[in-house]
Amino acid sequence: MILALQARLADALRAAARDAFGVDPGAVGFQYPPDPAMGDLASSAAMSLAKAQRRNPREIAAALAERMAKAPGVSRAEVAGAGFVNLFLDRGAALGTLAAGLRDPQPAAAVPGHAIVEHTSINPNKAAHVGHVRNAILGDTFVRILRARGHDVGVQNYIDDTGVQVADVVVGFLHLEKKALAEVAAIPGRFDYYCWDLYARVGDFYAAAPENKAKQAEVLHAIEAGSNDVAALAEHVAARIVACHLETMARLGIRYELLAHESDILRLHFWNRAFALLKDAGAIRLVTEGKQIGCWVLGMGKGDDAAAVDEDKILVRSNGTVTYTGKDIAYQLWKLGRLDRDFRYRLYREEPDGHKVWQTTSGDSDPGAPRFGHARDVYNVIDVGQSYPQRVVKAGVAALGFEREAAGTHHLAYEKVVLSQATAKALGYEVADEGGAVKVSGRKGLGVKADDLIDALERKALAEIEARDPERPAEQKQRTAREIAVGALRYFMLRYGRTRVLTFDLEEALAFTGETGPYVQNAIVRARNIFAKLEAEGHRVEALLERARGLDLGAMLDGDEGAEIWALALLMARSEEVAEAAVASEEPSLVARHAFAVAQAFHGYYQKPKYSLLRAESEDRRALRVLVVDAFVRQMTALAGLLGIPVPERM
RNA sequence: GCGCCCCUAGCUCAAUUGGAUAGAGCAACAGACUACGAAUCUGUAGGUUGGCGGUUCGAUUCCGUCGGGGCGCACCA
């Protein structure tokens with residue numbers, strides 16, 4: 001709604017500038033005045049024009065305002081401050097349009113090209129922890145926002161099934177537990193939790209004696225060679241852990257289209273192909289002297305944005321093996337459809353609603369598999385510590401001459417999750433009292449497991465429901481508790497900027513007051529309740545909505561209530577603009593905070609007894625309020641959907 | 001040493017990418033329920049935006065510099 005309106009007004013503004021000064025100001029944007037009484041939209045175009053025109057900005061603004069007052073959808077225009085042109089919209093018409101748009105939503109125009117978002121990508125050797133949860137929620141939310149804005153998106157989860165982390169757990173099974181595949185396969189219960197503890201013990205095992213550490217290399221080589229008992233054990237571990245991870249993420253409403261395996265990248269020789277491409281293009285060179293002698297390197301530091309890095313990045317070691325970053329370039333080229341080599345695919349599983357999860361394979365391909373890769377934009381959700389390697393990957397793509405593909409290579413970097421002091425203490429860390437947040441060492445087996453956290457949230461929510469409304473059926477209480485837990489966790493992980501270190505505090509995450517997911521959920525639940533109540537008292541909601549369509553909304557929006565309704569409506573109308581900004585800036589927190597702002601505006605309005613729907617002073621008033629509440633429920637539900645926050649029937 | 005991120009209210013974070021009087025939540029204090037569900041709302045208090053310079057109509061935002069914190073800069077994955 002607001003975007004289309006803004007586009008029209010921007011055209012009108014440019015036309016006004018041409019008419020008055022014979023100059024086209026180019027792209028013009030709109031801001032929002034600090035106080036709604038000052039106007040609904042503001043433009044600072046006059047201030048920009050002032051410089052070129054060598055005239056008083058307020059004079060220019062006056063000329064623009066005079067013309068803008070006649071633009072369609074505008075009721076009046078004023079000059080304010082240093083030279084802002086403030087526009088007052090035709091509120092009745094705008095509210096009607098907003099309500100109609102929410103009632104009959106038009107999908108966003110399809111954006112050409114395919115996008116891949118890769119997220120989660122947890123080493124398949126132990127249970128997921130809070131840091132992984134941040135990754136997955138960030139990625140999943142970004143996917144939801146992209147799709148809402150008309151992007152065609154595929155979600156990939158990268159499985160590093162041949163790395164040292166898996167090897168470490170295999171070392172644990174072989175040398176600490178003396179278990180072979182059959183015995184490992186017989187381990188009952190939570191396998192990811194079992195490996196979590198085992199992995200910590202392997203750390204101690206390595207530290208105890210240097211020869212122990214040598215086992216790691218042995219196992220790693222066996223896994224890479226394949227076709228042996230050790231490799232079979234590694235495969236079992238990885239597959240079972242992946243299943244655990246998917247289950248954990250499913251609790252949060254997160255799922256994937258493709259599980260891409262590192263082992264298949266190796267077996268299908270993606271790197272060989274990429275190596276040939278890089279050599280042919282002259283993108284990499286063989287070092288013939290100095291300390292990198294014998295290595296193939298990618299030149300870094302001469303690109304315009306590549307901030308000075310002294311040394312070139314080694315992709316192939318002097319012994320001829322490829323580095324991790326080299327493989328990553330090959331994989332990225334595949335994602336972009338620029339590696340003329342493909343995975344093979346088979347179905348991993350089909351979910352009850354028909355959603356299909358595929359996985360890569362180096363065996364036979366299922367002819368029914370959809371096309372993967374070939375993306376125009378690739379968003380890799382990886383922690384900020386990987387910024388340098390990610391820049392190398394991008395540079396590698398660019399060095400092949402793939403300018404557009406390099407531009408489509410995005411790193412959705414996010415900072416790590418640390419523990420607050422109180423939470424660290426609660427988990428058994430030794431904490432120095434004066435310090436701030438506490439880093440979690442993955443090796444030590446401490447830290448917060450994702451499932452433990454979700455469990456704790458569910459217990460807390462359930463206790464809260466019991467306290468408020470013990471009469472409800474147990475099953476319903478359980479379901480609501482789950483929904484509230486997910487809403488609380490997702491919102492908590494989304495409310496901060498990506499590049500903020502997130503200090504995790506159990507108490508805070510478990511709190512249901514303030515800027516939280518449950519607050520947002522509760523707003524919708526509250527609003528929906530009134531419709532049932534209206535019906536129960538003999539009113540007909542549909543009829544009231546119909547009546548609202550015939551009202552003179554402009555006249556009814558005068559007065560205090562009108563001002564509140566208008567502020568709420570304008571805020572809701574900005575939702576698509578906010579989602580678009582979230583895509584452009586790759587920052588989902590914008591949507592989260594906007595959702596909270598809308599919920600807050602609604603609570604503030606709805607709370608007031610004088611705006612009662614049940615005891616409305618006239619049928620017209622009642623109809624107006626029904627219209628507002630209906631619009632809110634629809635908009636807020638859509639926003640919750642973007643954030644992956646479930647909407648409970650009751651709180 | 002080089003590069004990146006961060007420093008805003010007691011705490012955790014915002015600030016429409018250079019705009020108007022720097023805003024929210026938590027914590028504190030004072031209030032509002034025989035209820036359109038109080039997981040809510042209203043109000044009070046809380047600021048030299050780390051320091052100092054600069055750029056301009058305008059700087060939390062851009063530049064320089066100093067200070068403090070975090071992370072990268074592997075022939076590890």
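Proteins come first, then strands; the chains are lettered A, B, ... in the order of their sequence lines, and each starts at number 1.
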S.K.: Taking only the P atom of each, what is the distance from B:rA15 to B:rC5 in whole angstrom?
M.R.: 16 Å
S.K.: Distance check, P atoms only: B:rC13 and B:rU56, in whole angstrom units.
M.R.: 35 Å
S.K.: Can we say A:Glu262 and A:Lys327 salt-bridge, meaning some charged N sits less than 4.0 Å from an Asp/Glu carboxylate O?
M.R.: yes
S.K.: Can you establish whether the number of heavy atoms outside A:Glu649 located under 6.0 Å from its atom CD is more than 12?
M.R.: no
S.K.: Can you identify which nucleotide, out of B:rA15, B:rU40, B:rC75, has its nearest atom closest to the A:Ser318 side chain?
M.R.: B:rC75
S.K.: Is a salt bridge present between A:Arg285 and A:Asp312, judged by a nitrogen-to-oxygen distance below 4.0 Å?
M.R.: yes
S.K.: Starting the side chain at C-beta, find the nucleotide from B:rU16, B:rC13, B:rA20 nearest to A:Ala42.
M.R.: B:rA20
S.K.: Strictly below 4.0 Å, N to O, side chains only: are A:Arg500 and A:Glu587 in salt-bridge contact?
M.R.: no
S.K.: Starting at NE2 of A:His411 and ending at P of B:rC5, how long is that distance when rounded to a whole Å?
M.R.: 13 Å
S.K.: Rounding to the closest angstrom, what is the interatomic distance between B:rC29 and B:rU34 at atom C1'?
M.R.: 28 Å
S.K.: Which nucleotide, B:rU40, B:rC75, B:rG37, lies nearest any side-chain atom of A:Ile314?
M.R.: B:rC75
S.K.: If you measure from the P atom in B:rG69 to the same atom in B:rU55, how many Å do you get, rounded?
M.R.: 31 Å
S.K.: Side chain of A:Gln521, backbone of A:Glu483: donor and acceptor closer than 3.5 Å?
M.R.: yes
S.K.: In chain order, what residues pass the ring-ring contact (aromatic ring centres under 6.0 Å, His included) check against A:His132, with sequence neighbours excluded?
M.R.: A:His129
S.K.: Where each residue is assigned the nucleotide of RNA chain B containing its nearest heavy atom, which of A:Ala461 and A:Val164 is assigned the position nearer the 5′ end?
M.R.: A:Ala461
S.K.: Measure from the ring centre of A:Phe84 to the centre of the six-membered ring in the base of B:rA20, then say whether that distance is under 5.5 Å and the planes meet at under 30°.
M.R.: yes
S.K.: Ignoring backbone atoms, test whether A:Arg528 places a side-chain nitrogen or oxygen under 4.0 Å from the OP1 or OP2 oxygen of B:rC36.
M.R.: no
S.K.: Closest approach to the side chain of A:Tyr496, judged atom by atom: which nucleotide of B:rG37, B:rC36, B:rC13 is it?
M.R.: B:rC13
S.K.: Measure from the ring centre of A:Tyr324 to the centre of the six-membered ring in the base of B:rC76, then say whether that distance is under 5.5 Å and the planes meet at under 30°.
M.R.: no
S.K.: Using the C1' atom as the point on both nucleotides, what is the distance between B:rG64 and B:rC76, in whole Å?
M.R.: 38 Å
S.K.: Side chains of A:Gln332 and A:Thr409 only: does a donor on one sit below 3.5 Å from an acceptor on the other?
M.R.: yes
S.K.: Could you run down the sub-3.5 Å N/O contacts of the protein with nucleotides 21-28 of chain B?
M.R.:
residue	atom	partner	partner atom	Å
B:rA24	O3'	A:Gln600	NE2	3.2
B:rG25	OP1	A:Gln600	NE2	3.0
B:rG25	O2'	A:Glu515	N	3.2

S.K.: Under 3.5 Å, which N/O atoms of the protein pair with N/O atoms of nucleotides 30-35 of chain B?
M.R.:
none

S.K.: Please report the distance, rounded to the nearest Å, between CZ in A:Arg593 and C1' in B:rC13.
M.R.: 8 Å
S.K.: So, is A:Arg526 close to the B:rC41 phosphate, meaning a side-chain N or O under 4.0 Å from OP1 or OP2?
M.R.: no
S.K.: Looking at B:rC75, B:rU8, B:rC41, which one has an atom nearest to any side-chain atom of A:His603?
M.R.: B:rC41
S.K.: Could you tell me the separation between the CD atom of A:Gln31 and the C1' atom of B:rG58, rounded to a whole number of Å?
M.R.: 13 Å
S.K.: Please identify each residue that fulfils side chain to side chain donor-acceptor pair (under 3.5 Å) with A:Asp469, with sequence neighbours left out.
M.R.: A:Arg472, A:Arg650
S.K.: Which heavy-atom pair separates A:Ala527 from A:Val629 by the least distance, and what is that distance?
M.R.: O-CG1, 3.7 Å
S.K.: Take the protein atom CD of A:Glu587 and the nucleotide atom C1' of B:rU16, then report the distance between them rounded to whole Å.
M.R.: 13 Å
S.K.: Using the closest heavy atom to pick a nucleotide of RNA chain B for each, name whichever of A:Arg317 or A:Tyr519 lands nearer the 5' end.
M.R.: A:Tyr519
S.K.: Let me check something: any side-chain donor-acceptor pairs from residues 507-517 of chain A under 3.5 Å, sequence neighbours excluded? List them with distances.
M.R.:
residue	atom	partner	partner atom	Å
A:Glu515	OE2	A:Tyr491	OH	2.8
A:Thr516	OG1	A:Tyr519	N	3.2

S.K.: Measuring only the P atom in each nucleotide, how far is B:rU42 from B:rA24? A whole number of Å is fine.
M.R.: 10 Å
S.K.: Taking Watson-Crick and G-U wobble pairs with both distances under 3.5 Å, convert RNA chain B into its dot-bracket string, 5' to 3', dots for unpaired and | for cross-strand pairs.
M.R.: (((((((..((((.....[...)))).(((((.......))))).....(((((..]....))))))))))))....
S.K.: Which word best sums up how the rings of A:Tyr496 and A:Phe492 line up, parallel for under 30°, tilted for 30 to 60°, or perpendicular for over 60°?
M.R.: perpendicular
S.K.: Under 4.0 Å between a side-chain nitrogen and a carboxylate oxygen: does that hold for A:Arg498 and A:Glu415?
M.R.: no
S.K.: Starting from P on B:rC36, measure out to CD1 on A:Ile524 and report it in whole angstrom.
M.R.: 21 Å
S.K.: In whole Å, what is the span from the CZ atom of A:Arg391 to the P atom of B:rC5?
M.R.: 10 Å
S.K.: Between A:Phe632 and A:Tyr605, is the ring centroid distance below 6.0 Å?
M.R.: no
S.K.: Looking at the side chain of A:Ser612, which of B:rA77, B:rC36, B:rU12 is the nearest nucleotide?
M.R.: B:rC36
S.K.: Between B:rC36 atom P and A:Phe632 atom CZ, what is the distance in whole Å?
M.R.: 18 Å
S.K.: Have a look at B:rU17 and give me syn or anti from its glycosidic angle (syn if within 90° of zero).
M.R.: syn
S.K.: If I take atom OH in residue A:Tyr611 and atom C1' in nucleotide B:rU42, what distance separates them, rounded to the nearest angstrom?
M.R.: 13 Å
S.K.: Quote, to the nearest angstrom, the C1' distance that separates B:rG54 from B:rU44.
M.R.: 40 Å
S.K.: B:rU49 and B:rU8: how far apart are their C1' atoms, nearest whole angstrom?
M.R.: 4 Å
S.K.: Is there a donor-acceptor pair closer than 3.5 Å between any side-chain N or O of A:Asn125 and the backbone N or O of A:Gln165?
M.R.: yes
S.K.: Among the candidates B:rC7, B:rA77, B:rU12, find the nucleotide nearest to the side-chain atoms of A:Arg500.
M.R.: B:rC7
S.K.: Tell me which nucleotide among B:rG72, B:rC75, B:rC41 gets nearest to the side chain of A:Tyr388.
M.R.: B:rG72
S.K.: Please classify the nucleic acid contact of A:Asn522 as base, sugar-phosphate, or nothing, using heavy-atom distances under 4.0 Å.
M.R.: sugar-phosphate
